[in-house]
Amino acid sequence: MIRFLAHWAVVAVALWLAAYLLPGVRVGSLEALAVGALVLGLVNAIVRPVLTWVTFPVTVLTLGLFLFVVNGLAFGLAAWITPGFAVTSLWQAILGAAIVSVVSWVADLGGRPRTRRRSKR
């Protein structure tokens, strides 16, 4: 449960950062930020895998670049569902999804315990 709450907080901070940096991403209140982070997590867990599977041929043809569009569509869907969270265009959604992904990835790297590699002698 603590891991879930920590990840949710990281996504909320990343969403706030995306809204701060991008003029086309708006979050109206702290409640909208909290709910938006939760909805974004649910959309990424449920809808995005289905979108990825359905668009697999296009993703292969574009050498994986279409995944940026899929992530942007998931980000836009989360904004559409959440009152107080808005995205003005697909490009802003793609950039917002990229910011949230990078911040989440960096936070995940910082949160992992470091393991020592054993030397083979």
Side-chain angles (χ1 to χ4, degrees):
M1 183 70 171
I2 291 176
R3 248 181 99 125
F4 169 76
L5 291 175
H7 183 70
W8 173 67
V10 167
V11 171
V13 169
L15 185 57
W16 173 83
L17 185 64
Y20 180 77
L21 293 175
L22 299 172
V25 177
R26 286 184 232 111
V27 179
S29 65
L30 286 176
E31 292 83 16
L33 181 68
V35 172
L38 183 64
V39 170
L40 185 60
L42 289 172
V43 167
N44 281 337
I46 298 168
V47 177
R48 194 176 60 148
V50 174
L51 278 174
T52 303
W53 185 77
V54 168
T55 62
F56 183 72
V58 178
T59 303
V60 170
L61 286 175
T62 61
L63 302 175
L65 291 176
F66 195 72
L67 286 175
F68 286 109
V69 175
V70 170
N71 288 338
L73 289 173
F75 191 84
L77 178 62
W80 182 70
I81 292 172
T82 308
F85 174 27
V87 179
T88 58
S89 70
L90 180 61
W91 286 110
Q92 293 294 308
I94 291 170
L95 292 173
I99 289 172
V100 171
S101 296
V102 168
V103 170
S104 296
W105 177 68
V106 168
D108 187 46
L109 284 178
R112 288 186 188 170
R114 296 184 182 186
T115 57
R116 293 181 65 187
R117 292 184 184 181
R118 296 182 185 201
S119 61
K120 295 180 181 179
R121 289 186 181 199

TODO: Not counting sequence neighbours, list each pair that qualifies as a side-chain hydrogen bond (donor to acceptor under 3.5 Å, both in side chains) and has a residue in residues 57-68.
DONE: none

Task: L63: hydrophobic cluster co-members (side-chain, 4.5 Å) - done: none

TODO: Just grab all the ring pair (Phe, Tyr, Trp, His ring centres under 6.0 Å) pairs involving residues 19-49, residues at least two apart or on different chains.
DONE: W16-Y20

Open item on the list: If we ignore hydrogens and angles and just use 3.5 Å, is the side chain of W8 paired with the main-chain N or O of R3 as donor and acceptor?
Closed with: no

TODO: Under the side chain to side chain contact (heavy atoms under 4.5 Å, CB included) rule, collect the residues that match up with L30, sequence neighbours excluded.
DONE: L33

Task: Common cluster, V50/W53, ILVMFWY with side-chain heavy-atom separation under 4.5 Å - done: yes

- [ ] List for me each residue that meets side chain to side chain contact (heavy atoms under 4.5 Å, CB included) alongside A19, sequence neighbours excluded, and say none if there are none.
- [x] V25, V27

- [ ] Linking directly or through intermediates, with side-chain heavy atoms under 4.5 Å: list the remaining ILVMFWY members grouped with L61, chain and number order.
- [x] none

Open item on the list: According to a hydrophobic-cluster definition based on side-chain heavy atoms being under 4.5 Å apart (Ile, Leu, Val, Met, Phe, Trp, Tyr only), do V11 and L42 belong together?
Closed with: no

- [ ] Indicate if L40 and L38 have the same hydrophobic cluster label, given that clusters are the connected sets of ILVMFWY residues with side-chain heavy-atom separations under 4.5 angstrom.
- [x] no

- [ ] Could you list who else is in V60's hydrophobic cluster, with ILVMFWY side chains joined at under 4.5 Å, directly or through other members?
- [x] F56

Task: Point-to-point distance, once rounded to the nearest 0.5 Å, from CD1 of I94 to CD1 of I99 - done: 12.5 Å

Open item on the list: Clusters formed by hydrophobic residues whose side-chain heavy atoms approach within less than 4.5 Å: which one holds V13, and what are its other members?
Closed with: none

- [ ] If a pair satisfies side-chain hydrogen bond (donor to acceptor under 3.5 Å, both in side chains) and one of its residues is in residues 22-32, list it, with sequence neighbours excluded.
- [x] S29-E31

Counting only pairs under 3.5 Å, give me each side-chain donor-acceptor contact of residues 65-90, with atom names and distances, residues two or more places apart or in other chains.
unit_1	atom_1	unit_2	atom_2	d
N71	OD1	R48	NH1	2.9
N71	ND2	L67	O	3.4
T82	OG1	A78	O	2.8
S89	OG	Q92	N	3.2

Task: Shared hydrophobic cluster, V47 / V58 (ILVMFWY, side-chain heavy atoms < 4.5 Å) - done: yes

Task: hydrophobic_cluster_shared for V100 and L17, side chain cutoff 4.5 Å - done: yes

